Peer 1: 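Would you mind keeping the following structure in view while I ask a few things?
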Amino acid sequence: MDLTPQQLSQFNGSDPSKPIYLAINGRIYDVTAGKSFYGPGGDYALFAGKDASRALAKMSKKEEDVCPNLDGLSEKEMGVLNDWVKKFEAKYPVVGRVVC
């Protein structure tokens, strides 16, 4: 399934009848099983319904870092992001990709 960023934003956990999606590097993961983390009130709820690549790479919970832009990241931050990708691939199903 292909979703635009606007369509992805509809899967942010605010509607309990919809799954919760989070994207990394444009790949969308169904993180509904981690609702306590990504759902409303969860520690990582600000990532839900978005591509959180930059924030994960920087280990940041700043709103301005919750975006797909990887420009200017260090080699270490890219390594951190790759570690997150491995964790997500092991734990959550990939359901699609983000398209512009």
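All figures in this text were calculated on a predicted structure; none of them were measured in a lab.
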Peer 1: Between atom CD1 of Ile24 and atom OH of Tyr29, what is the distance when rounded to the nearest 0.5 Å?
Peer 2: 5.0 Å

Peer 1: List, one per line, each side-chain donor-acceptor pair under 3.5 Å for residues 90-100, sequence neighbours excluded.
Peer 2:
residue	atom	partner	partner atom	Å
Arg97	NE	Asp2	OD1	2.9
Arg97	NH2	Asp2	OD2	3.2

Peer 1: Quick one: does Lys35's side chain get under 4.5 Å of Ile20's, heavy atoms only?
Peer 2: yes

Peer 1: Does Arg27 offer a backbone N or O that forms a donor-acceptor pair with the side chain of Asn25 under 3.5 Å?
Peer 2: no

Peer 1: Show your reasoning for whether side chain to side chain contact (heavy atoms under 4.5 Å, CB included) applies to Leu73 and Val80.
Peer 2: CA-CA 10 Å; Leu73 292 180; Val80 169; over 6 Å; no

Peer 1: Return the minimal non-hydrogen interatomic distance between Asp43 and Lys61, and the atom names on each side.
Peer 2: O-CE, 2.9 Å

Peer 1: If Ile, Leu, Val, Met, Phe, Trp and Tyr residues are connected whenever their side-chain heavy atoms lie under 4.5 Å apart, and connections chain through other members, are Trp84 and Ile28 in the same group?
Peer 2: no

Peer 1: Please report, to 0.1 Å, the donor-acceptor pairs under 3.5 Å made by any side chain of residues 44-51, with sequence neighbours excluded.
Peer 2:
residue	atom	partner	partner atom	Å
Lys50	NZ	Leu46	O	3.2
Lys50	NZ	Glu63	OE2	3.0
Asp51	OD1	Ser53	N	3.0
Asp51	OD1	Ser53	OG	2.5
Asp51	OD2	Gly26	N	3.0

Peer 1: Taking C-beta and beyond as the side chain, do Lys62 and Asp65 meet within less than 4.5 Å on heavy atoms?
Peer 2: yes

Peer 1: Is the shortest heavy-atom distance from the side chain of Val31 to the side chain of Phe88 under 4.5 Å?
Peer 2: yes

Peer 1: Does any N or O in the side chain of Gln7 come within less than 3.5 Å of the main-chain N or O of Thr4, such that one atom is a donor and the other an acceptor?
Peer 2: yes

Peer 1: Hey, what do you get for CG (Asn69) to CD (Glu64), rounding to the nearest 0.5 Å?
Peer 2: 12.5 Å

Peer 1: What is the minimum heavy-atom distance between Ala57 and Glu77, and which atoms define it?
Peer 2: CB-O, 3.5 Å

Peer 1: Is there a path of hydrophobic side-chain contacts, each under 4.5 Å between heavy atoms of I/L/V/M/F/W/Y residues, joining Val85 to Tyr21?
Peer 2: no

Peer 1: So do the side chains of Met1 and Leu3 get within less than 4.5 Å of each other, counting heavy atoms only?
Peer 2: yes

Peer 1: With heavy-atom distances below 4.5 Å as the criterion, would you say the side chains of Phe11 and Leu22 are in contact?
Peer 2: no

Peer 1: Quick one: are Val66 and Arg54 in side-chain contact, heavy atoms under 4.5 Å?
Peer 2: no

